[in-house]
Amino acid sequence: MKKFYITTAIDYVNGKPHIGHTLEKVQADVAARYHRLKGDDVYYLTGTDEHGAKIARSAEKAGKPVEKYAAENAKAFQEAWDNLNISYDYFIRTSNKTRHWPSVRKVWQGLAANDDIYKKSYTGLYCVGHEAFVTKKDLNKEGKCEIHDAEPEKVEEENYFFKLSKYTKKVEKAIKSGEMKIVPKSRENEILKLAEKGFEDVSFSRPSKDLKWGVPVPRDKSQTIYVWADALTNYISALGWGTSNDKKYKKYWPADVQVIGKDILRFHAAIWPGILLSLGLPLPKKLFVHGFINVEGKKLSKTLGNVIDPNEIVEKYGADALRYYMLSEIQPTKDGDFSVEKFEARYNGDLALGLGNLLARITSLGEKYLDKPLESKLTSVSQKELDKRWKAYEGYMEELQFSDAIREVSALISYADKRINDTKLWVLAKEDAGKFKEEISDVATILAYVAWMLTPVIPTTSEKVFNQLGIKPGAKKTWKFKMEKGEALFPRLE
RNA sequence: CGCGGGGUGGUGGAGCAGUACCACGCCAGGCUCAUAACCUGGAGGUCGCGGGUGCAAUUCCCGCCCCCGCAACCA
């Protein structure tokens, strides 16, 4: 059995999940479900990134102990994914002292043992209002902090650094050789360009006085491990790397696909492989980089107030509808747009009137005119059409090109609709029982395959389709249809 | 002169040298099994702007304009 390990980025719990977070989880979920259907041994990891001064500050503002604050938000993420039917196998939390922390310490020790950690003073711009370092981005034209309208002070402090520069060439080679693929190509170029200039060493710790909420540096309590060695380690800590129980690590690592957003590409394509190389561990096989979701053409922003809660969408339209939108409307590696108008257009066009209506057409005829179970059988033209679409679909799924894969399925739905029109199935039902059975079996079989192909995308709906056709899920050569027209899969929205 | 990505009919996308394609929307016709659904046909684009190379450019090259992203935590 082939193993398939897929991860998403872990979400920072400094807020609640929004519509943008869902894209990545849904993408990874479809890949995971697709591979499970293929019979692969799949492990799908997601979780939350919970440490950092920002969280500590937010918790303080909320008047809650930081552990509690982080736990509450982590729960909100986990619940959102449960509502969306995300089939993760484990939900890792970086605050988990038994599952996560031991691996983080082990990573640190490994890097240190390899002489890749050194102490250096770091000079940064410190904003008193923020009580934290700020970047150029946070400053306005006069060099003042945008929020506090105060000039930041230059502050020097001692940090541990990781010798990432040492690994530039190796990472570059791994990318060029295809050992670690970066999809899409444009993102790969971005990193290769960066590698040409050489990666810079990165700060790997903060003084504990500034960063209390995190994993302490081994043998130096005055420093706390900074986000990189902490958060990135989740991908192997969840598998038990560095502990006595590392069976999962041995089985699943390296990751087959790591799904990330374009904003964290550099961390995953430079720092992460740097860490792994230093530890002598294999690199992930593929980094899949998705874009961002805009709402009504605008960036998500709290001040604009266009942040959408995925739970609301799920509650109103169902998890499958949102999953379907994210996968069909959004080009997987590009920025996409979410709007209620577009969402409802997709819903009506593809789900209600495409898939739903086809099912209704077939089952209503089947229920009325078939007196006993009907063997599935494809006409040779339909078999040819199916083979063609199936092959294209598989190719796209393997490459995580979800919207293209779904387009192939839509084509099959159109094909079946056309077939019903061309053969005048409703006339055959009354005038030619033999021919009718042949033709309804043909289109029902196509629909069964459609449902099968859509199982990773809209699992609940596919199950309903199978139920109404009166068959068990699976890509078999033959089924016995016992059709029963049920409720509309997706009631048309007005 | 920082670096990278992008600008294709109303909308979202594909194409990347040889009469510009797909989906949705819109208009007309057909059909009536179906969630007023389904099928067919049609209208609609000087492919951001200017220049260059080619027999031929949306597709290659140069310049410009506009959007978006980018190394200390923003998915």
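Just so it is clear, the model here is predicted, and its values are computed rather than measured. Naming: A, B, ... by sequence-line order, numbering from 1 per chain.
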TODO: May I ask you to check if A:Lys430 and A:Tyr369 form a cation-pi contact, with NZ or CZ under 6.0 angstrom from the six-membered ring centre and within 45° of the axis?
DONE: no
Pick the [atom1] atom in [N] and in [M], then give their distance to the nearest Å.
| N | M | atom1 | answer |
| --- | --- | --- | --- |
| B:rC73 | B:rG10 | C1' | 41 Å |
| B:rG48 | B:rG9 | P | 8 Å |
| B:rC62 | B:rG5 | P | 13 Å |
| B:rC70 | B:rA75 | P | 12 Å |
| B:rU19 | B:rG29 | P | 35 Å |
| B:rA23 | B:rU32 | C1' | 26 Å |
| B:rC31 | B:rA43 | C1' | 23 Å |

Kindly state whether the ring of [X] and the ring of [Y] have centres lying under 6.0 angstrom apart.
| X | Y | answer |
| --- | --- | --- |
| A:Phe343 | A:Phe338 | yes |
| A:Trp272 | A:Phe267 | no |
| A:His51 | A:Trp101 | yes |

Over all strands shown, is [X] touching base, sugar-phosphate only, or nothing at heavy-atom distances under 4.0 angstrom?
| X | value |
| --- | --- |
| A:Asp417 | sugar-phosphate |
| A:Lys334 | sugar-phosphate |
| A:Ser364 | sugar-phosphate |
| A:Lys430 | sugar-phosphate |

Open item on the list: Syn if the chi torsion is within 90° of 0, anti otherwise; quick check, which is B:rG54?
Closed with: syn
Open item on the list: Taking A:Gln223's backbone N and O only, do any of them form a donor-acceptor pair with A:Ser208's side chain (distance below 3.5 Å, no angle check)?
Closed with: yes
- [ ] Dot-bracket for RNA chain B, please, read 5' to 3', with Watson-Crick or G-U wobble pairs under 3.5 Å on both distances, ( ) within the strand, [ ] crossing, | other strand, . unpaired.
- [x] .(((((((.[[[[.)..(..]]]].(((((.......))))).....[[[[[..)....]]]]])))))).....
Task: Nearest-nucleotide comparison on RNA chain B, the residue closer to the 5′ end among A:Phe267 and A:Glu329 - done: A:Glu329
TODO: Between A:Asp422 and A:Glu190, name the one whose nearest nucleotide on RNA chain B is closer to the 5' end.
DONE: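 The answer here is A:Glu190.
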Task: Check against ring-ring contact (aromatic ring centres under 6.0 Å, His included), A:Phe490 and A:Tyr347 - done: CA-CA 8 Å; A:Phe490 297 93; A:Tyr347 177 100; 5.5 Å; yes
Task: Nucleic acid footprint by protein, nucleotides 21-30 of chain B - heavy-atom cut-off 4.0 Å, B for base, S for sugar-phosphate alone - done: ---------B
Open item on the list: My understanding is that only one of A:Asn234, A:Thr233, A:Asp230 makes a side-chain hydrogen bond (donor to acceptor under 3.5 Å, both in side chains) with A:His100; could you say which?
Closed with: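 Exactly one candidate clears the test, A:Asp230.
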